[in-house]
Amino acid sequence: MDTTQLLKGVLDMAVLAVIAEDDGYGYDIVRRLRAAGLDEVGDASVYGTLRRLYSAGALSSYVVPSDGGPHRKYYGMNPHGRAMLDEQRANWTHFAGTLTRLLEKPQPSVHLPTIGDNS
Amino acid sequence: MSDTATTTQSIRDFALAVRTALSDLPTDDIDELTDGLEADLTEQAADGEAVGSASPGFELGDPVAYAEELRGAAGLPVREANATARVPWLRRLRIRVGAGRAGATRRIRSSAAGGQILDFLLEFRPLWWVLRGWIVYAVAEVLVGGAISTVPTDPIRWLALTVFVVLSAQWGRGQWLPWRWLPGFRTVVSVCAVLVLPLVLFVTAHQASAQNSAYVDYSPYVTPGLVQSGQEVTNVFAYDADGQPLTDVQLFDQDGRALNVVNDPANTNYLPQLDAVGEQDMVVPSLLVPAGGGWNVFPLRLVSSGDIDYANDYLGQAHQADAAPAPFPYAQVQPLVRVPEVREPTSTPPATLQPEPTASAAPTAG
């Protein structure tokens, strides 16, 4: 299954979770997500998500001057972001549990008619 | 590595193309979305290189798709057609130019030969940086110095030129750009420099030729018009048979050409001549020749060093109005005496073939 589609729905949560560990700048967060196993995450998606979360007031940002390179815009969590992450985590846990249970339920061994059976 | 500069340029072009694709959004949104994009891409490129050949390598991909991904993830509206009115025109121009450049670069690099030619030309960028510094100096010279002189004439101007060239080179290398608006300003300067370049070259060529013609016209040491024993002749004084000075004598050479003391009589107005104490006087042509160019009417008149006008020309300018008759070297010379004819008794030349005798027989001869 194409995990890109799955990722779209949960990228906010993944980004929040990564930033909850430590503040970071754009590509730094992409790198951490990929290191965590989300290899297929697109950097543009992450940057867009960061921007949206920032607009929604879930993240704070500050600029860190770097010597030799351009300034870096760091994102960090704020209380609103933490609350959002907690809520999403609860939702996800509930949803994932439901889905897991659904998938792990022993399949009913009903006899499905196949073509040609009734002849 | 030489690749780094190329990568940096392609990242810059890519980022500009992304901004173009977002150009229908408000400026603030574009800034928010793409602020630090170059830095992020550069780091990503560095990561790709660090992994080495095992990695598929760093691919910038399609900037439009990238922009759509950014926009979608940020929850911003999809692009509307003709919705670019909110973007300031200057920014739009910059974005458009950048996108055009990115597109051109991509097209050129799509062929191996194109890429090689582009790389070859990129090697000449330092030359352009120097040229740009010089042009800015020349323009500053006009605006601040008030004089049109594209080549420095004194140490302070040389210093100014050096400063401009160093600044231009540093800008070219991406250094010394502490403020955000400076890269844009650099572009404006470059465009203006390209526009002014032909004018500056024209003025410089004109100055060089003026300097050269100045040497030809005024300097006696390059190609004197009339020479005696290797020394330049600047004036000629004629005396008649009685040893009295003559004025307004027209002289011609063996081919019937006017015996001028300058090479280009039609275009030469004065000829320098050092006087006894080393001051530079100017010899001027006679005004008695109707068509001008009276450089063979002797003695030529003289403008003394005190009357020479150095206001416009460091070589000085002499005006005919200041000219005075040149002083004769001698008030008079010895009168000519007729040389007695030497009779040769053995020869019997026929009388009719004899040229007009220059001297009659003297009684003392023979």
Side-chain angles (χ1 to χ4, degrees), chain A residues 2 4-16 18-19 23-36 38-76 84, chain B residues 4 8 11-12 14-15 17-19 21-22 25-26 28-48 50-51 55-56 58-79 173-180 182-183:
Chain A
D2 185 10
T4 322
Q5 288 302 317
L6 279 180
L7 200 54
K8 260 186 191 164
V10 296
L11 190 56
D12 283 21
M13 197 166 36
V15 167
L16 282 172
V18 161
I19 295 180
D23 297 357
Y25 56 87
Y27 183 62
D28 179 35
I29 289 160
V30 173
R31 203 189 266 147
R32 281 195 247 162
L33 287 170
R34 287 181 180 163
L38 301 173
D39 303 330
E40 290 172 36
V41 70
D43 51 336
S45 300
V46 175
Y47 303 147
T49 303
L50 283 169
R51 148 83 183 147
R52 186 162 41 77
L53 290 173
Y54 175 72
S55 300
L59 297 177
S60 55
S61 92
Y62 51 94
V63 170
V64 175
S66 71
D67 36 53
H71 295 184
R72 287 293 197 181
K73 194 177 191 179
Y74 274 70
Y75 291 96
M84 193 186 265
Chain B
T4 317
T8 310
I11 284 174
R12 219 177 286 156
F14 179 84
V18 170
R19 290 192 180 100
L22 297 170
L25 296 173
D28 284 352
D29 280 345
I30 303 178
D31 282 344
E32 280 285 343
L33 271 177
T34 60
D35 198 22
L37 182 59
E38 284 93 338
D40 285 329
L41 290 171
T42 306
E43 202 172 336
Q44 204 170 341
D47 265 11
V51 174
S55 128
F58 174 62
E59 273 291 330
L60 281 167
D62 176 20
V64 176
Y66 193 93
E68 290 310 305
E69 191 180 335
L70 264 180
R71 189 198 292 262
L76 292 165
V78 290
R79 189 185 176 93
R173 298 171 64 228
Q175 304 286 312
W176 294 5
L177 296 161
W179 299 295
R180 254 187 88 146
L182 268 176

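Reckoned from all heavy atoms, side chains included, excluding hydrogens, waters and symmetry mates.
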Task: Least distance between heavy atoms, A:Arg52 atom then B:Ala73 atom - done: NE-O, 2.5 Å

- [ ] Please tell me if the side chains of B:Leu70 and A:Arg51 come closer than 4.5 Å, counting only heavy atoms from C-beta onward.
- [x] no

Open item on the list: Can you see whether A:Asp43 engages B:Tyr66 through a side-chain donor-acceptor pair at a distance of less than 3.5 angstrom?
Closed with: yes

Open item on the list: Please rank B:Leu33, B:Val18, B:Asp35, B:Leu37 by heavy-atom pairs under 4.5 Å with chain A and give me the top one.
Closed with: B:Leu33

Task: Minimal non-hydrogen separation, B:Asp40 against A:Tyr25, with atom names - done: OD1-CD1, 3.9 Å

Task: Heavy-atom pair with the smallest gap, counting every atom of B:Glu69 and A:Gly42 - done: OE2-CA, 3.4 Å

